Amino acid sequence: MIQVKLPDGSARALEEGASAADLAAQIGSGLAKAAVAAKVNGAVRDLALPLRDGDEVSILTKKDPEALEVLRHSAAHLMADAILRVFPQAELTIGPVVEDGFYYDIHMKDGKITPEDFPKIEDEMKRIAQEGLPFQRCVSDGKDEIFARYRAIDGGQNKFKAELIEGIAERGEELSFYKHGEFIDLCRGPHVPSTAFLKNVKLTKVAGAYWRGDATREQLVRVYGTAFFTKEELKDYLHALEEAKKRDHRVLGEKLELFTFSEDAPGFPFFQPKGATLFNLLAEYMRGLLRRRGYQEVKTPLILSESLWHRSGHYDNYLENMFFTKLKLRDDEDPEQINDNVVEDRPMAVKPMNCPGHLMIYKSRQHSHNEFPLRFAEMGLVHRRELSGVRHGLFRVQAFTQDDAHHFCTPEQIGDEVKMLIDFFEEVYAAFDLGDVRIELSTRPAKSIGSDEMWEKAESALKQALDEKGIPYQVNPGDGAFYGPKIDFHIRDVLKRSWQCGTIQLDFSMPERFGLTYVGADGERHTPVMIHRACYGSLERFLGIIIENYAGNFPAWLAPVQVMVIPVGEKFDAYAKRVAEELLDAGVRVETNLSDDRVGYKIRDASLKKVPYVVVVGEKEQSSGTINVRHRDDGSQRETTVPELLATVNFAPPKRSPPAVAAE
RNA sequence: GCUGGCGUAGCUCAAUUGGCAGAGCACCUGUUUUGUAAACAGGCGGUUAGGGGUUCGACUCCCCUCGCUAGCUCCA
């Protein structure tokens, strides 16, 4: 007999050689049926794996997130099996689980797989799922029959799998395979007990990929799919995908006339009037908060000398992402002739970051520790060259505005500054209904400047601030900026998608490189610490995020047009104008629709533009001096007055800031 | 940057085997003066992304460039 421990701390006695499945059956038939896999001493394993004395075991059911990963990995095998039945010439490579499902990278010696092939593959998958074939784990020495059968599975010539097996042998790991029916695949496992679990699967897309992610290696076809335990979950997921498509900020941006792009300026957005209104609202809301926190706004040049970028380290570390100016001059002899790429005596570069500009301002006069922490803020427009394939609406552009700021302070002040920023940023995200915030700490990357000691000091300072704040965070090794470690804020939107927005970066290098000093209490000169920080990250990108988060239905304070006034006939145009003027005087962004269309048409028009409040006025309203307000979200109507509307609706930005901090 | 897909009016999309470039919406004009998601009629709108080629003839087939797009890689 052996003894195993359960999650509740109790112990169970089992027969020698009993498996987790046996354990589940002993606990109850319900659990035995619901069991998907087991967690043994913290590792997810097959249910069929024999347990050992003293193991800590918990049975995983479909409620456990780990179980979903097991399911999806099994679904990848199922798909691989089906693809081989449809495309016998296909060669399998790897098939891992990803956030929303799984994929399998396949090498096609000839032919290709397109979405048109999905139904065929899915039909095969359904058939195999229906057969309820058990997944069996087999361990091989690389010479036995199992291995021979495995090698034959996709033609016997598969060099990708051979390479994987070589790697396993080199690392001295166990060579394991999983078999269902006639299909065998190299796999560490674990898997669900049988293909019967895999009835709710769906192929989603195909994409190109490279073997081992290396562009110089073989091109592979990556087939994506997803799997769920129940039909409902799959349906909900597919529905969420549709929902995400409807919320796509690129589509809404065009429909709502917020911004547009031109072939002549790839990756550079053009903000139309309504988009510019939103953009400015983001900036103004932020400015209000910055003032209350003792920031001073500055403005620095777009173009600075190349030598400055050498000094800052950007030239060495960020060259590929920078735009450089280039001169064209008319030939002295022949004015018709234009000389391209004229070498400048003092070459210039467009700023990809604002920090050197702020350093110049810091250096413009002497500083004392008495004015610390000194905080310079700028809505800084930066330009960054991006590879053509990565541009994406407002999420990834080549010119964007950072709500950037740099704090100059003493090493002792770092903790308080970081803690202040965490509260500050969380307040901002909450204002946009983005309350789900995740924090990551990124450490020294491969390409970096500064000493080991400096990095250690900086990393531990950030860690300490986070620990003192008592908030959970995840460490991201090697993901820091080239000049220092950073704390990143990832926020989840209403569709549970994660976006990186805020960042707090510690920098001991730049102040030294630029010879920044301050006079301390001891009368001596010291080098200040610099904190780079941004809350929105990029206003453009943040705007894209909130467009999708709100599906274009902005709360009243953000709506580019807050109120649309519609008279029921031209007799009431004058009254409509008067109402609009009253609202305008109160600071409301109001428009009046005096066209000769029907009221129904104008209401529809305002609805499509997602204007939060429609005011309809006619005989009744004019004679009683009232307005009729229709709300965008529920279509409800009410009779009211302009002052009452102003009193009940938050047309102004939210105010939840802590007590103001006086600026120096 | 790489691989695949795509590019027709401002937008969404048609155009049979290579055979006269078209519709709805939007816009403009007129009639209509309207009560909570679409009144009616007419009109304007195109170097079919750009360039080259094949052909009697190219939106359609081929090549190059640009852009968009899904991924890969990278990032705010």
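Just so we're clear, the structure is a prediction, and the values are computed from it rather than from any experiment. Letters A, B, ... are given to chains in the order of the sequence lines, protein chains preceding strands, and every chain is numbered from 1.
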**Prompt:** Should A/Phe279 and A/Phe259 be marked as a ring-ring contact (aromatic ring centres under 6.0 Å, His included) after you check the CA-CA gap, both sets of side-chain angles, and the distance that decides it?
**Reply:** CA-CA 10 Å; A/Phe279 185 94; A/Phe259 55 86; over 10 Å; no
Taking the minimum atom-to-atom distance to the side chain of [X], which one of [options] wins?
{"X": "A/Glu254", "options": "B/rA39, B/rA76, B/rC11", "value": "B/rC11"}
{"X": "A/Ile603", "options": "B/rA37, B/rG67, B/rG35", "value": "B/rA37"}
{"X": "A/Val616", "options": "B/rA76, B/rG1, B/rU36", "value": "B/rU36"}
{"X": "A/Pro266", "options": "B/rC68, B/rG1, B/rU34", "value": "B/rC68"}
{"X": "A/Arg598", "options": "B/rA37, B/rA39, B/rG71", "value": "B/rA39"}
{"X": "A/Tyr224", "options": "B/rG35, B/rA37, B/rG71", "value": "B/rG71"}
{"X": "A/Glu570", "options": "B/rU34, B/rU33, B/rA76", "value": "B/rU33"}

Pair partner, [N] [Watson-Crick or wobble, under 3.5 Å]:
{"N": "B/rG35", "value": "none"}
{"N": "B/rC74", "value": "none"}
{"N": "B/rU48", "value": "none"}
{"N": "B/rG67", "value": "B/rC6"}

For [X], report the nucleic acid contact type (base, sugar-phosphate, nothing); a contact means any heavy atom under 4.0 Å.
{"X": "A/Arg391", "answer": "sugar-phosphate"}
{"X": "A/Val382", "answer": "nothing"}
{"X": "A/Val390", "answer": "base"}
{"X": "A/Gly389", "answer": "base"}
{"X": "A/Glu540", "answer": "nothing"}

Can you check whether any acceptor in the base of [N] is under 3.5 Å from a donor in the side chain of [X], or vice versa?
{"X": "A/Glu386", "N": "B/rA76", "answer": "yes"}
{"X": "A/Asn628", "N": "B/rU36", "answer": "yes"}
{"X": "A/Glu621", "N": "B/rG35", "answer": "yes"}
{"X": "A/Arg541", "N": "B/rA76", "answer": "no"}

**Message:** Against A/Tyr536, only a single residue in A/Val428, A/Asp404, A/Leu543, A/Thr401 fulfils side chain to side chain contact (heavy atoms under 4.5 Å, CB included); can you say which?
**Reply:**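 That would be A/Val428.
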Please tell me if [X] has a side-chain N or O lying less than 4.0 Å from either OP1 or OP2 of [N].
{"X": "A/Lys205", "N": "B/rG71", "answer": "yes"}
{"X": "A/Tyr601", "N": "B/rC40", "answer": "no"}
{"X": "A/Arg396", "N": "B/rU69", "answer": "no"}
{"X": "A/Arg250", "N": "B/rU69", "answer": "yes"}
{"X": "A/His631", "N": "B/rU36", "answer": "no"}

**Flag side-chain contact, heavy atom, 4.5 Å: A/Phe424 against A/Arg293** =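 Side-chain contact under 4.5 Å: yes.
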**Message:** Checking A/Gln500 against A/Asp488: is there a side-chain donor and acceptor pair closer than 3.5 Å?
**Reply:**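 Short answer, yes.
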**Message:** Checking side-chain polar atoms at under 3.5 Å, does A/Glu91 have a donor or acceptor matched by the opposite partner on A/His107?
**Reply:**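 Side-chain D/A pair, A/Glu91 to A/His107: present.
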**Prompt:** Quantified in whole Å, what is the P atom distance between nucleotide B/rA26 and nucleotide B/rU48?
**Reply:**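 Pairwise P distance, B/rA26 against B/rU48, rounds to 26 Å.
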**Asked** Has A/Phe400 got its ring stacked on B/rA76, by the test of a centre gap below 5.5 Å and a plane angle below 30°?
**Response**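 Check passed, A/Phe400 stacks on base of B/rA76.
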**Prompt:** Angle class for the A/Phe489/A/Tyr429 ring planes (parallel below 30°, perpendicular above 60°, tilted otherwise)?
**Reply:**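 Taking A/Tyr429 first and then A/Phe489, their aromatic rings sit tilted (interplane angle of 30° to 60°).
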